[in-house]
Trainee: 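There's a structure below that I have some questions on.
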Amino acid sequence: MQPAFLLALCLCVVGWLAPARADERAAENLLIEQPLRISTAVAAISRPDGEAPAMFFMGFAGFGEERVFANEVRFAAKVVAERYGTGARSLLLVNDRQDSSSAPIATVSSLHYALAALANRMDVDEDVLFLALSSHGSAGTLAVSHEPLMLRDLTADGLAQALDDAGIKWRVIVISACYSGSFIDALRNANTIVITAAAADRSSFGCSDDRDLTYFGEAFYRDALPGSGTLREAFGEAVTAIEEREAREHIEPSRPQAYFGEAIEARLARIRRPAAP
């Protein structure tokens, strides 16, 4: 080969590698800074005075390439804050292709770290965590994606282990994803409510990039939860609305599922609701 051609070839290779290395550095830096971002967010959270149990909120939007999931957990945070007064006790982990800076990103590792940090702000024997997850799903798995990062998906057993490791005893877990009913067996106990958008072998609907909320998000968070007396009532209202919508649209029923632990509903009734404006 002629020296001039070799030089041109080398310059092309360097030009091709430089952006890739820059992207890799940016991705690495993004991951490295997550513990500090979570710690900073949690440092602003404090438990209210008194012996009554308090509600804390965490949102997890797993799939960053479609914004409906980020929109949904942000909306859930707003609705739960209005109902249970969690506005100053909320933490979001969000994968959003258009925004990697306004909230820590959602990864399996960040979930473990955030739960442990939030538990340090709670009275874990008294307080309740409302954990809202939204993403694509498959049997026993919730998708976790934030390009160009290579991330692990969240499994049902992994979620249960993260909560156990954090020592958070009282839990309301709402999973908006296809096949999300497959998470129930791993999470069920007397101190836990698990609400899912679909049965273990069913798809849920409305998870497209041009939507603000999924079908489940609209029925549960937007329409049912604000005015219902209990979470059980909200779930029942949401199921009815979803069944009617799916029948109208002639789509395969998603069959949302729920498990209500025998101890936690009485605890939820003791949580002080914010005063009406």
Trainee: Which residues pass the side chain to side chain donor-acceptor pair (under 3.5 Å) test with Glu243, sequence neighbours left out?
Mentor: none
Trainee: Going by side chain to side chain contact (heavy atoms under 4.5 Å, CB included), name the residues that satisfy it together with Ala119, two or more places apart in sequence or in a different chain.
Mentor: Val124, Ala166, Ile168
Trainee: Under the ring pair (Phe, Tyr, Trp, His ring centres under 6.0 Å) rule, what pairs show up with a residue in residues 220-241, not counting sequence neighbours?
Mentor: Phe216-Phe220
Trainee: Is there a side-chain contact between Ile173 and Leu163 (heavy atoms, below 4.5 Å)?
Mentor: yes
Trainee: Going by ring pair (Phe, Tyr, Trp, His ring centres under 6.0 Å), name the pairs with one or both residues in residues 73-113, residues two or more places apart or in two chains.
Mentor: none
Trainee: Could you report the tightest heavy-atom contact between Leu133 and Leu154, atom names first, then the distance?
Mentor: CD2-CD2, 3.8 Å
Trainee: Check side chain to side chain contact (heavy atoms under 4.5 Å, CB included) between Arg83 and all other residues, then give those that pass, not counting sequence neighbours.
Mentor: Leu225, Ser228, Arg273
Trainee: Residues sharing Phe205's hydrophobic cluster, by side-chain heavy-atom contacts under 4.5 Å among ILVMFWY, directly or via others?
Mentor: Tyr215, Ile251
Trainee: Using the test ring-ring contact (aromatic ring centres under 6.0 Å, His included), find all partners of Phe57 that sit at least two apart in sequence or belong to another chain.
Mentor: Phe130
Trainee: Of all residues at least two apart in sequence or in a different chain, which pass the ring-ring contact (aromatic ring centres under 6.0 Å, His included) check with Phe183?
Mentor: none
Trainee: Specify the closest pair of heavy atoms between Asp223 and Ala219, including all atoms of both residues, with the distance to one decimal.
Mentor: CB-O, 3.7 Å
Trainee: Which residues end up grouped with Phe63 if you chain together Ile, Leu, Val, Met, Phe, Trp and Tyr wherever their side-chain heavy atoms are less than 4.5 Å apart?
Mentor: Val68, Phe69
Trainee: Using side chain to side chain donor-acceptor pair (under 3.5 Å) as the criterion, list what pairs up with Arg37, not counting sequence neighbours.
Mentor: Glu33
Trainee: Heavy-atom distance under 4.5 Å between the side chains of Glu126 and Arg267, does that happen here?
Mentor: yes
Trainee: Under 4.0 Å between a Lys/Arg side-chain N and an Asp/Glu carboxylate O for Arg222 and Asp212?
Mentor: no
Trainee: If every non-hydrogen atom of Ala186 is compared with every non-hydrogen atom of Asp157, which pair is closest and at what distance?
Mentor: CB-OD1, 3.6 Å
Trainee: List in chain and number order the residues that pass side chain to side chain donor-acceptor pair (under 3.5 Å) with Arg171, two or more places apart in sequence or in another chain; answer none if no residue qualifies.
Mentor: Asp164
Trainee: If you look only at pairs with a residue in residues 128-148, which of them pass as a side-chain hydrogen bond (donor to acceptor under 3.5 Å, both in side chains), with sequence neighbours excluded?
Mentor: Glu65-Ser145, Glu66-His136, Glu72-Ser134, Ser100-His146
